[in-house]
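Residue numbers begin at 1 in each chain, while the letters A, B, ... track the order of the sequences. Note that these values count all heavy atoms, side chains included, but never hydrogens, waters or copies made by symmetry.
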There are 2 protein chains.
Amino acid sequence: MARKTKAEAALTRQKIVQCARQVFSQAGVSNTSMEDIARKAKVTRGAVYWHFRNKSDLFMAVRADTGSLLQLSHPTEKSPLRRLELSLQNALQRLTGESGTQETYQVILWKCEFVGEFSPVRDDLMLGGENFVQEVAKLYRTAQQEGQIDPAVDTLLLARETFCFFVGLLKLWLADTAAQSFRPQASPLITQYLQQKQAWGKHALTVSRQKPKSNS
Amino acid sequence: MARKTKAEAALTRQKIVQCARQVFSQAGVSNTSMEDIARKAKVTRGAVYWHFRNKSDLFMAVRADTGSLLQLSHPTEKSPLRRLELSLQNALQRLTGESGTQETYQVILWKCEFVGEFSPVRDDLMLGGENFVQEVAKLYRTAQQEGQIDPAVDTLLLARETFCFFVGLLKLWLADTAAQSFRPQASPLITQYLQQKQAWGKHALTVSRQKPKSNS
DNA sequence: AGATTTACATACATGACTGTATGTAAAAGT
DNA sequence: ACTTTTACATACAGTCATGTATGTAAATCT
């Protein structure tokens, strides 16, 4: 019952966040009470309410504690399409390797209702998504300039398509909790998806070498 | 207070389902009480509990009352890729036109926690998805045989990709409740997505007419 | 060293929400 | 015509979760 030092307090706070994430991902956000979390963290509700105003506040902390999957990695890679693929594959690997990340996205995509106090979270997610789309669009533009993808396609639209694809992929990957049917296919899915994008490049090279196109 | 005839009872049941769907889509499943639904349907909880065992039972009824978006339409269309596009576009149109359909999918994709009694629903959704994937894979196979898409790609994997794309599209479409940013782009997104698939066909034709490939 | 704040644990008040039990009048069966 | 269901409305009991108020001992401040 001795009062904790500042560092110890930070630790219990961190533990509460971790346990909240776990319980959320198992029982869903609405279904877990503050006491469920407290019990798992081996504290009382008093501790939880001291660190967080309410459940949605705690939920925000859980999110803030988790890194975003939707960001480009491998900045040294020079091929834009290859870099995008590595980023997506890396996201999958993080999902597999980092249990906390997997739990958080499990909550976000299957175990949470974006209503009331949680609506801002959805908007925030969409904002992050739009950010990702813009960065991917840049990649696609340079790839287009390098003649790797069809100059006819709208790169911004293409980036949105990729975003849709990846959101769906994440959702289905997380749905396959038994890791039986979908998860093994996820990585080849990404590979083939991006191979198609540059498939044009191969054919276009063959074509343009024999018959240059006129600008439209 | 007069007892209702069988037909009238069926009507109140239907009304309860409709109101449940509306309230679910606005407040989320966990956040709505049986009385919320009863009030909206202008009955008491007694009526609701007479027709449905509990909330999850009512939720199943709401789902059963809604047609699936994930099915091929336009069976007369002979071009497989065109048929797929028409099906996806049709799904979007139904989402826009049929308020009940939109509400149900709003619930499924943003306002529901697939936990406990609701876990079977997720599995059922995935099953329906796998069914859709198989049908789309058939379309892709015939398209491939007709030389419309790259013979190198795995059509089953391609169908899963399309499923991912569409799931993500649905989710993002539904997130844009203001119908401002994403929804206007959804239809062109589908169009461009499927145009890319047959882009290979065009180039391949050009190439093969000038320089026939050898079989590998 | 004393005063003050911190980091909780404990206790309390309150309010949903659920499920069931009971009542009831009319419809449906015979 | 009489009995039995039906289709609810009403009433009741009980659980559970929330938020706050209070207590407290030690850490931190001055």
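A heavy-atom distance below 4.0 Å to DNA chain D is reached by none of the residues of residues 16-27 of chain A.
Taking 4.0 Å as the cut-off between side-chain N and carboxylate O, Asp65(A) and Arg21(A) count as a salt-bridged pair.
Among pairs with a residue in residues 127-139 of chain B, those fulfilling side-chain hydrogen bond (donor to acceptor under 3.5 Å, both in side chains) read Glu130(B)-Gln134(B), Glu130(B)-Arg160(B), at least two apart in sequence or across chains. Residue pairs that meet the ring-ring contact (aromatic ring centres under 6.0 Å, His included) test with at least one member in residues 89-131 of chain B, sequence neighbours left out, are Trp110(A)-Phe114(B), Phe114(A)-Trp110(B), Phe59(B)-Phe118(B).
In this structure, Trp50(B) places its CH2 atom 19 Å from P of dA25(C), rounding to the nearest Å. Rounding to whole angstrom units, CD1 of residue Ile37(B) and P of dC17(C) are separated by 11 Å. The separation between Leu58(B) atom CG and dT18(C) atom P is 11 Å, rounded to whole Å. Rounded to an integer number of Å, the gap from NZ of Lys15(A) to P of dC8(C) is 12 Å. For the pair Leu11(B) CG and dA7(D) C1', the interatomic distance rounds to 13 Å; values are reported in whole Å. Whole-Å rounding puts the Gln14(B) CD to dA7(D) C1' distance at 17 Å.
When the shell of 6.0 Å around CD of Glu117(A) is examined, it contains 12 or fewer heavy atoms from other residues, nucleotides or ligands.
Scored by the side chain to side chain donor-acceptor pair (under 3.5 Å) test, Glu103(B) finds no partners at all (sequence neighbours excluded). Here Thr162(B) pairs with Tyr140(B), Tyr193(B) under the side chain to side chain donor-acceptor pair (under 3.5 Å) rule; sequence neighbours left out. Thr32(B) is linked by a side chain to side chain donor-acceptor pair (under 3.5 Å) to nothing, counting only residues two or more places apart in sequence or in another chain. Under the side chain to side chain donor-acceptor pair (under 3.5 Å) criterion, Thr101(B) pairs with Glu98(B), not counting sequence neighbours. Shown here are the salt bridge (Lys or Arg N to Asp or Glu O under 4.0 Å) partners of Glu77(B), two or more places apart in sequence or in another chain: there are none. Applying the ring pair (Phe, Tyr, Trp, His ring centres under 6.0 Å) criterion to Tyr49(B), with sequence neighbours excluded, gives no partner residue.
Within the 4.0 Å cut-off from OP1 or OP2 of dC8(C), at least one side-chain nitrogen or oxygen of His51(A) is found.
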Using a cut-off of 4.0 Å between protein heavy atoms and nucleotide atoms, how would you tag nucleotides 14-19 of chain D 5' to 3' with B, S and -? ---SBB

Output side-chain donor-acceptor pairs under 3.5 Å for residues 119-127 of chain B, partner residues at least two apart or in another chain, one line each.
unit_1, atom_1, unit_2, atom_2, d
Ser119(B), OG, Gly116(B), N, 3.3
Ser119(B), OG, Gly116(B), O, 3.4
Asp124(B), OD2, Arg63(B), NH1, 2.9

List every contact pair, protein side and nucleotides 27-30 of chain D side both N or O, where the distance is under 3.5 Å.
unit_1, atom_1, unit_2, atom_2, d
dA27(D), N3, Arg3(A), NH1, 2.8
dT28(D), OP1, Thr5(A), OG1, 2.8

